[in-house]
A.B. asks: 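One structure, as structure tokens, below. Some questions next.
Protein chains get the first letters and strands the later ones, always in sequence-line order, with residue 1 at the start of each. As the structure is a computational prediction, the values presented were derived from the model and not from experiment. We use all heavy atoms of the structure for the numbers below, so side chains are in, but hydrogens, waters and symmetry mates are not.
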Amino acid sequence: MSKTYEYVPEPALVKGNHDFSSITALVTDINMRPTPKGWYIAFAISNMLLLVLLVSIAYLIWEGTGIWGLNQPVGWGWAIINFVWWVGIGHAGTLISAILFLFRQGWRTAINRFAEAMTIFAVMCAGIFPAIHVGRIWVVYWMFPLPNQMAMWPNFNSPLLWDVFAVSTYMTVSFLFWYVGLVPDLATVRDRIKSKVGKVLYGIGALGWRGSNRHWWNYEKSYMILAGLATPLVLSVHTIVSFDFAVSLIPGWHTTIFPPYFVAGAVFSGFAMVLTLMIICRKIYNLEDIMTVDHIEKMNLIILVTGSMVGFAYLMEFFIAWYGQVEYEKAIFIIRATGPYAWAYWIMIACNVISPQLFWSKKIRRNVTLTFIVSIVVNIGMWFERFVITVSSLSTDFLPSSWGYYSPTIWDVLTYVGTFGLFFTFFLLFLRFLPMIAVAELKGVMPQADPHNYDENGEYVEPKVEVPEPKKLNS
Amino acid sequence: MSTTKNNLYGILAEVRNPKELIDVAKLVDKSGYKNYDTFSPFPVHGMDKAMNLNKSKLGWIVLGHGIVGLTGAFAMIYYMMVYDYPLNISGKTLMNIPAWIPVMFELTILLSAFGAVFGMFFLNGLPKFNHPLFNSEQFKKVTDDGFFICIEAEDPQFDAEKVEKLLKNAGAQNIETIHDES
């Protein structure tokens, strides 16, 4: 009987002929080599952008939020858009490190460190906006339940306060998760580095880690619990971010689809950002053996899925607006697609719904250049999604007499561009000084790590894939 | 039983790969040693069973922290919103518990995560300034591709000659005596 199906074995996670020590060298030598020239150039550019951010913030504090394009009726502009955009990007890191860990996806080990670092820096960029937009930044502590001169407390019924708790918890937990993963790798660098100062500094970071199995025992438990905690956390964070909109009564915002739709959009944009950064880094640092085309393909599949979910949500919003028969709700969606901000709406549709559909083709999924282009397009689209949601609903709300067109000022733009400076400054420091791949975890998923792949004499035997014979259909 | 024999810490030996590490750990465990440990660059699958380790207590620590986070958040919000400065917001009830859930949830997660991370370091006795094993030059490989086992002098049935023989017969190499120089 002829075979009725083909067995496709899981591709090897690490390409090339690597053993444990060559993996260690491949990753941690990057931290020990002299700093490459290109790094200085990139760092200088990032620093200049960071300066732009600092100047924009200083001028904002000096002059007040009037320097932004906010006015009646649009009182929420680029600050909230950028906040949601950056937080959303961060979500991919947690998804890769926590959710894929719980699902036992071995391929995550190649990119999790990288993506978690991206999460932390993206959340830092996001956190700036709510902090500086308050107008009187010297009383920003009123956001927190701290005793103050008014003897009042923040309002725990308000989604904006939930946001304070959600984002600060998210930042803290992401950092802890990242650091726990880093400890064994910092120990690796500590044991390999020649410089005295480096030994001391990495030694402090490694906390005296010595690879003891009694330690690994608690460590793995801790890692699993953290993954279990971070999974509902990441879903809750963007849910609460969407509550900032959904709990209000503005047409186009007051919908129950917002939480899942925001979470899908966050994962969508975050994976795109991871791909953008990863495609550059794997090339520059010669990490193609670890971050393989198979990884890119898997991430593209997630982009395809979440992009289609976002597209479905766009359709559903229209359907519910019609089905709900609320005049304002119906009007706002028609205005979105045909009104003053139709250009933004159609950019959003083209980037978010249409561009990821390219990934139905296996050829395109495995094409690095096209993936890179789509990953940037997706993030442009996701920025416009937040723009459309925020601005279109506010600029054309209940009373046509109070409608108005919103445009940003130069300071809106400079603050946003400046956050890239902050992001890349930290990201470049991360690439330079910390192992950008979770070495210990990566070794753990190599076939050499499995004790079953050795014979009685302790010699390594390549694992054989057993292809089951197809069962006879008519028996 | 003397705990320090000339400041002897224990006997360290290297094996070639994860399988040999599991085999030697099983052998050492069967021979009745209690104070020993294996060292590897990554957690070896099946090692916890081979070493007969008890269940990690970390889960209980995290549970405790989580309960403190949940009840603490509730107590804080209750104090602020109902007791200390009640605000009448369009006649709605002060005990608006559904609206408190997000903050209670976040603080539960936050405290549990603290428990998971700091509890793990506490159980592992980290951070630690130094350790006798760091005196060994070959032990540096443990974070790269070295697999080690160390039987500590504290073990009640520790006898340097017997231990060395056991490890040698098990196929371990680079057997080294580790002294505690502190």
Side-chain angles (χ1 to χ4, degrees), chain A residues 19-21 24 145 151-157 159 161-162 165-166 169 172-173 176-177 179-180 184 187-188 190-192 204 207-222 225-226 229-230 232-233 236 240 243 439-441 443-444 448-454 458 460, chain B residues 16-20 22-23 25 37-48 51 53 56 58-59 62 76-77 80-81 84-85 87 89 96 99-100 102-103 105-107 109-110 112-114 116-117 119-121 123-124 126-131 133-134 139-145 171:
Chain A
D19 56 10
F20 296 137
S21 75
T24 313
M152 281 178 82
W153 301 108
N155 179 6
F156 282 88
N157 301 328
L161 183 79
W162 304 344
F165 278 84
T169 301
T172 316
V173 174
L176 287 175
F177 203 7
Y179 182 65
V180 166
T188 304
R190 172 199 67 198
D191 290 345
R192 282 170 55 86
I204 292 170
L207 303 176
W209 184 263
R210 54 184 186 278
S212 149
N213 194 62
R214 290 175 199 270
H215 290 180
W216 282 120
W217 185 218
N218 290 319
Y219 177 94
E220 283 195 288
K221 184 100 187 173
S222 166
I225 292 174
L226 275 176
L229 292 170
L233 175 66
S236 83
I240 291 175
F243 283 168
V439 190
E441 282 178 54
K443 286 177 193 160
Q448 291 94 320
D450 189 345
H452 297 108
N453 291 339
Y454 291 86
Y460 175 64
Chain B
R16 287 182 301 164
N17 55 46
K19 162 144 196 317
E20 291 193 349
I22 288 219
D23 289 346
D37 206 345
T38 58
F39 303 87
S40 51
F42 51 84
V44 177
H45 187 72
M47 182 55 90
D48 312 313
M51 284 174 70
L53 292 183
S56 170
L58 190 64
V62 175
M76 176 181 80
I77 303 173
M80 290 172 182
M81 298 293 289
D84 189 53
Y85 203 128
L87 266 180
I89 302 166
N96 190 4
W100 300 354
V103 173
F105 173 79
E106 298 298 335
L107 288 179
I109 296 277
L110 183 67
S112 306
F114 283 148
V117 175
M120 182 269 286
F121 285 131
L123 289 177
N124 287 350
L126 297 175
K128 206 168 169 65
F129 286 118
N130 203 355
H131 193 274
L133 283 170
F134 289 135
F139 191 68
K140 281 206 165 118
K141 273 200 307 193
V142 75
T143 53
D144 180 9
D145 63 346

A.B. asks: Nearest 0.5 angstrom please: B/E20 CD to A/Y454 OH, how far?
C.D. replies: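 Taking CD in B/E20 and OH in A/Y454, the distance rounds to 9.0 Å.
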
A.B. asks: At a heavy-atom separation under 4.5 Å, does A/D19 approach chain B through its side chain, its backbone, both, or neither?
C.D. replies: neither

A.B. asks: Can you tell me which of A/R192, A/K221, A/E441 forms the most heavy-atom pairs within a distance under 4.5 Å of chain B?
C.D. replies: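 Of A/R192, A/K221, A/E441, A/K221 has the most heavy-atom pairs under 4.5 Å with chain B.
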
A.B. asks: Decide yes or no on side chain to side chain donor-acceptor pair (under 3.5 Å) for A/N213 and B/D48, but give the supporting numbers first.
C.D. replies: CA-CA 8 Å; A/N213 194 62; B/D48 312 313; 3.2 Å; yes

A.B. asks: For chain B, which candidate among A/S222, A/P232, A/S236, A/P145 shows the most heavy-atom pairs at distances under 4.5 Å?
C.D. replies: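 So the answer, after comparing A/S222, A/P232, A/S236, A/P145, is A/S222.
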
A.B. asks: Given the rule in the side-chain contact (heavy atoms from CB on, under 4.5 Å) test, do A/L207 and B/F121 qualify, once you have shown the distances and angles that lead to the verdict?
C.D. replies: CA-CA 9 Å; A/L207 303 176; B/F121 285 131; 3.6 Å; yes

A.B. asks: Are B/S112 and A/I225 packed together at the side-chain level, in the sense that at least one heavy-atom pair is separated by less than 4.5 angstrom?
C.D. replies: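 No, every pair of side-chain atoms sits at 4.5 Å or beyond.
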
A.B. asks: Please identify, among A/P184, A/A440, A/A166, the residue contributing the most non-hydrogen atom pairs under 4.5 Å to chain B.
C.D. replies: A/A166

A.B. asks: If I take atom CG from residue B/N124 and atom CZ from residue A/R214, how far apart are they, to the nearest 0.5 angstrom?
C.D. replies: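 One finds 11.5 Å between CG of B/N124 and CZ of A/R214.
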
A.B. asks: Of all of A/L161, A/T169, A/V180, which one pairs up most often with chain B through heavy atoms under 4.5 Å apart?
C.D. replies: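 Between A/L161, A/T169, A/V180, the count favours A/T169.
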
A.B. asks: Hey, which of B/M80, B/M51, B/R16, B/M120 has the most heavy atom pairs under 4.5 Å with chain A?
C.D. replies: B/M80

A.B. asks: Calculate, to the nearest 0.5 Å, the distance between atoms CH2 and CG belonging to A/W217 and B/D37 respectively.
C.D. replies: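 Going from the CH2 atom of A/W217 to the CG atom of B/D37 covers 13.0 Å.
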
A.B. asks: I need the residue from B/V142, B/N96, B/I89, B/N130 with the largest number of non-hydrogen atom pairs under 4.5 Å to chain A.
C.D. replies: B/N96

A.B. asks: Show the nearest heavy-atom pair for residues B/P41 and A/W216, with the distance to one decimal.
C.D. replies: O-CZ2, 3.4 Å

A.B. asks: Report the option among A/I240, A/N218, A/V173 that has the most heavy-atom pairs separated by less than 4.5 Å from atoms of chain B.
C.D. replies: A/N218

A.B. asks: Please identify, among A/G208, A/P154, A/G211, the residue contributing the most non-hydrogen atom pairs under 4.5 Å to chain B.
C.D. replies: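 Of A/G208, A/P154, A/G211, A/G211 has the most heavy-atom pairs under 4.5 Å with chain B.
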
A.B. asks: Show your reasoning for whether side-chain contact (heavy atoms from CB on, under 4.5 Å) applies to A/K443 and B/D144.
C.D. replies: CA-CA 10 Å; A/K443 286 177 193 160; B/D144 180 9; 4.3 Å; yes

A.B. asks: Counting distance only, does the side-chain N/O of A/W153 pair as donor-acceptor with the main-chain N or O of B/D84 below 3.5 Å?
C.D. replies: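 Side chain of A/W153 to backbone of B/D84: no pair is present.
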
A.B. asks: Might you work through the side-chain contact (heavy atoms from CB on, under 4.5 Å) test for B/L110 and A/T172, ending with a clear yes or no?
C.D. replies: CA-CA 8 Å; B/L110 183 67; A/T172 316; 3.8 Å; yes

